Amino acid sequence: MAKSQNRTYCVYILTNSVRTLYVDVTNDLFRRIHEHRQKLIPGFTRKYNLTWPAYYEETSDVESAIAREKQIKKWRRSKKIALIESANPRWMDLALDWYEQAAP
């Protein structure tokens, strides 16, 4: 995950062990994934235990991020899966080591 002095916005796809998909946008992917993992966000992600990102992309433009999120949300499931597998064919948890590195 790239860090820069400019604001970064991320469109991401969360999943779980049965590959339920959830698309969202955030201005702090590290914080947002932590919130999902700790079940701090009520609703769909908590109910279906969506805790790991299978895909994300970054942009410096908030309007582009929101437009991309809306675009992906409209796609059929098969197209979302193809997007994930183009960048993450093994469906790895892309945040697996983010929090281990941040631990004291």
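All values derive from a computational prediction rather than experimental measurement.
- For Ser64, the side-chain hydrogen bond (donor to acceptor under 3.5 Å, both in side chains) partners two or more places apart in sequence, or in a different chain, are Asp61.
- The side-chain hydrogen bond (donor to acceptor under 3.5 Å, both in side chains) test applied to Tyr9 returns no partner, not counting sequence neighbours.
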Q: Could you go through the side-chain hydrogen bond (donor to acceptor under 3.5 Å, both in side chains) check for Tyr55 and Glu57 one step at a time?
A: CA-CA 7 Å; Tyr55 176 85; Glu57 57 188 60; 2.3 Å; yes
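- Scanning for side-chain hydrogen bond (donor to acceptor under 3.5 Å, both in side chains) contacts around Asp24 gives Tyr12, Tyr22, Arg32, with sequence neighbours left out.
- Here the closest heavy-atom approach between residue Ala54 and residue Asn88 is recorded as O-ND2, 2.9 Å.
- Shown here for Ile41 and Arg46, the closest heavy-atom pair between the two residues is O-CB, 3.4 Å.
- Contacts of Asp93 classified as salt bridge (Lys or Arg N to Asp or Glu O under 4.0 Å), with partners at least two apart in sequence or in another chain: Arg37.
- Listed by chain and number, the residues in a salt bridge (Lys or Arg N to Asp or Glu O under 4.0 Å) with Lys39 amount to none (sequence neighbours excluded).
- The minimum heavy-atom distance between Thr20 and Asn16, with the atom names listed, is N-OD1, 2.9 Å.
- Taking the side-chain hydrogen bond (donor to acceptor under 3.5 Å, both in side chains) definition, one finds that Thr59 meets it with nothing, sequence neighbours left out.
- Considering all non-hydrogen atoms of both residues, Thr51 and Leu14 come closest at C-CD2, 4.3 Å.
- Using a 4.5 Å cut-off on side-chain heavy atoms (C-beta onward), Thr15 and Trp52 make contact.
- In this structure the side chain of Tyr56 never reaches within 4.5 angstrom of the side chain of Val11, judged on heavy atoms.
- A side chain to side chain donor-acceptor pair (under 3.5 Å) check over residues 69-78, counting only residues at least two apart or in different chains, returns the pairs Arg68-Gln71, Glu69-Lys73.
- Side-chain contact check for Trp91 versus Ile84: some heavy-atom pair is nearer than 4.5 Å.
- Interatomic distance, CZ of Arg7 versus CG of Asn27, reported as 4.5 Å (0.5 Å rounding).
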